[in-house]
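Here it is: the structure, laid out below.
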2 protein chains.
Amino acid sequence: MVTRERPTLEAVARRAGVSRATVSRVVNGSTTVAASIRDAVNQAVEELGYVPNQAARSLVTQRTESIALILPETASRVFSDDMFFPAVIRGVSTELEAADKQLVLMMAGSAASHDRVERYAMAGHVDGVMFASMHGADPLPGKLARLGIPVVCSGRPMSPAGNTVPYVDVDHFGGVAAAVRHLVGAGRRRIATIAGPQDMIAGVDRLAGYRAVLTEAGLPEHVTTGDFTRESGEQAMQRLLTEDPELDAVFVASDLMAHGALQALRERGRRVPLDVAVIGFDDFEIARYSDPPLTTVRQPIVDMGRTMAKLMLTLVDDPTEVAAPVVLPTELVLRDSA
Amino acid sequence: MVTRERPTLEAVARRAGVSRATVSRVVNGSTTVAASIRDAVNQAVEELGYVPNQAARSLVTQRTESIALILPETASRVFSDDMFFPAVIRGVSTELEAADKQLVLMMAGSAASHDRVERYAMAGHVDGVMFASMHGADPLPGKLARLGIPVVCSGRPMSPAGNTVPYVDVDHFGGVAAAVRHLVGAGRRRIATIAGPQDMIAGVDRLAGYRAVLTEAGLPEHVTTGDFTRESGEQAMQRLLTEDPELDAVFVASDLMAHGALQALRERGRRVPLDVAVIGFDDFEIARYSDPPLTTVRQPIVDMGRTMAKLMLTLVDDPTEVAAPVVLPTELVLRDSA
DNA sequence: TTGAAAGCGCTAACAT
DNA sequence: ATGTTAGCGCTTTCAA
């Protein structure tokens, strides 16, 4: 298995009896080339199996035709049973595929990998950077943006300087409010919540929705927190039941946590929804397959990914473009659990 | 937000009062640089926020420090509820991360994207290419290998020329054989199977394991096929029950299909394992959470990914290396369903 | 319409 | 130990 030399523009030019410039024009689809010459060049390209060297091309065009999606999470987390990441990636990759851009997926769950990602982006490896699942007030988006690299976030950034970076998010607050109002409307009076991590905007906004409605209804709050995993949901539910054995409803900030909560309720002998009503958030497949099927808040994550990618593509085309934030609607989906 | 010019080696050199070569040496950690000069250079790098241009670097080194993982599947499939892909990716990315290589994840579910991936690899965008979840006799691995690009496959290639490309796989046959023997040993006599797609080596090998044991035991075969999705498992189980209402066991070639099968069995009023024993394959989390928990064959997919990545790293370091195939062991995990 | 030539930013001989 | 220099393969003026 010898590393056969890959043919260069030069080789194609010689074979076709033209200059490098002409070959370059043909390869890049310039219209100002005579048909006969174009055919000759194409034939030489074919015969030699020529493929342009991307490094050389990027060096002069300053374009790589690829775009990064950065997930500040470990690979184990991204590829766990949390269907959030798959959905975002699916949306993003659909849109980039259509634009013939290469998606470069980067996990940055550790400080070291966070650095690597930063250098990677700054080294000009990609034409733009998208972020999803951000924690805390990550300075990286702002930093890259200030360097002139197009940046889009999915999820409203928590950083104070967040307003400098365009973002796409879903209406967490509205969705949760609808869910909790549903519980109130059904006569539930001891409504607890398992909130998401408070270093993420999704966790914060969903908790805010819960609080707003309970305040409005004059009902007491009962808050505990998980980290969006099934296990954390199960444990959180156990805590809630211990603290208030009489609770009659719980809004859980993710379907996966809700699944864990259902498990805990079952173990404690509570019937759902008879004794305790449960509402989740996400509308992932697990919501339909759980027992009982889960009433939940549908959020259009795939769409969010697509929208984010589209935004990115316009920014890459014209970096002076000023992109406004986009917020996508959410919707309560009624099933058996509440 | 202006595209601020990024500083070059030249700029750093001027600022530090040295030559470009010296800066290059410092940046690349050469030891033959005087400490005082090294410090001066590092300071200039710091002040200017210099980051090497990867395109320029690759152009001369012929290295990109990134490695592709190609999944000949649509993004929807890769990011569905099939935990195979996440597991592979997790293993691969763990290993590449440790080696400070960038993983470039590419989905190639359509003919068009398959082409794009081919061009991408041939354009020298990556130092090596790994394949997983291959269908049929894909010529791409062989083609890239012949061009001198390091290639490793996860899953024994089905192509006749497959022996030219190193691969890592798990012992499908052995695992399935253990599973079906368990059924036979438990007194089951009408043992059906829901096989995987027959254009994939995992589908073929697992079916072979089933057939071998039934032949050995002198029992009749009853085969139907799915595509590894839950839905296909559910439908396949319905077919089996219609064709043989008396069947008392079924080996299902994936946990996800087994989950669908359990659903179908429930709908048809069969008790598991009392009426029908079920064994799956994968040992994904769903096997523990299904009702009843699923006896299944554990395959070390994360390890397979890691092993594949390690192999790739040695090949990238020394392309003349001849890598032998690796086959990892599988293991029957007993739970309630059989 | 085509070709000649000047780089893009970097590394790696080779000189000193 | 440091500098000089010659490209890596490509695109893109500028001339012809």
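Keep in mind that the numbers below use all heavy atoms, side chains included, and drop hydrogens, waters and symmetry copies. Proteins get letters first, then strands, A, B, ... in listed order; numbering begins at 1 in each.
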Separation of C:dG9 atom P from B:Leu48 atom CG, nearest Å, is 14 Å

Picking from D:dT11, D:dT2, C:dG9, the nucleotide nearest the side-chain atoms of A:Arg57 would be D:dT11

With the side chain defined as heavy atoms from C-beta on, B:Leu59 is closest, among D:dG9, D:dA1, C:dT11, to D:dG9

Return no unless some side-chain N or O of B:Asn28 is found under 4.0 Å from OP1 or OP2 of C:dT11. yes

In whole angstroms, the gap separating P of C:dG9 from CZ of B:Arg14 amounts to 11 Å

N/O donor to acceptor pairs below 3.5 angstrom from side-chain atoms of residues 31-40 of chain A, sequence neighbours left out:
{"residue": "A:Thr32", "atom": "OG1", "partner": "A:Ser30", "partner atom": "OG", "Å": "3.2"}

### Message
Assess, by modelled atom type and distance only, whether the side chains of B:Glu73 and B:Ser133 contain a donor and an acceptor separated by less than 3.5 Å.
### Response
yes

In short, B:Met122 meets A:Arg6 closest at the heavy-atom pair O-NE, 3.2 Å

Counting only side-chain N and O atoms of A:Ser24, is one of them less than 4.0 Å from OP1 or OP2 of D:dT11?
-> yes

Checklist line | Carboxylate-amine/guanidinium proximity below 4.0 Å for A:Lys143 and A:Glu118 | finding: yes

Across all chains, not counting sequence neighbours, the ring-ring contact (aromatic ring centres under 6.0 Å, His included) partners of A:Phe131 are none

Run the side-chain donor-acceptor check on residues 303-311 of chain B: report pairs under 3.5 Å with partners two or more places apart or on a different chain.
{"residue": "B:Arg306", "atom": "NE", "partner": "B:Glu95", "partner atom": "OE1", "Å": "3.1"}
{"residue": "B:Arg306", "atom": "NH2", "partner": "B:Glu95", "partner atom": "OE1", "Å": "3.2"}
{"residue": "B:Thr307", "atom": "OG1", "partner": "B:Asp303", "partner atom": "O", "Å": "2.6"}

Double-helix bend of the helix from C:dT1-D:dA16 to C:dT16-D:dA1, axes at both ends from 5 pairs, round to 10°, gives 40°

Heteroatom pairs (N/O) under 3.5 angstrom, protein to nucleotides 3-6 of chain D:
{"residue": "D:dG3", "atom": "OP2", "partner": "B:Ser19", "partner atom": "N", "Å": "3.0"}
{"residue": "D:dG3", "atom": "OP2", "partner": "B:Ser19", "partner atom": "OG", "Å": "3.1"}
{"residue": "D:dG3", "atom": "OP2", "partner": "B:Thr22", "partner atom": "OG1", "Å": "2.6"}
{"residue": "D:dG3", "atom": "N7", "partner": "B:Arg25", "partner atom": "NH1", "Å": "3.4"}
{"residue": "D:dG3", "atom": "N7", "partner": "B:Arg25", "partner atom": "NH2", "Å": "3.4"}
{"residue": "D:dG3", "atom": "O6", "partner": "B:Arg25", "partner atom": "NH2", "Å": "2.5"}
{"residue": "D:dA6", "atom": "N6", "partner": "B:Arg20", "partner atom": "NH2", "Å": "3.2"}

The correct set of residues in residues 116-125 of chain A placing a heavy atom under 4.0 Å from DNA chain C is none

B:Pro52 has its side chain closest, among D:dA1, D:dC8, C:dC10, to C:dC10

Closest to the side chain of B:Asn53, out of D:dT2, D:dC10, C:dC10, is C:dC10

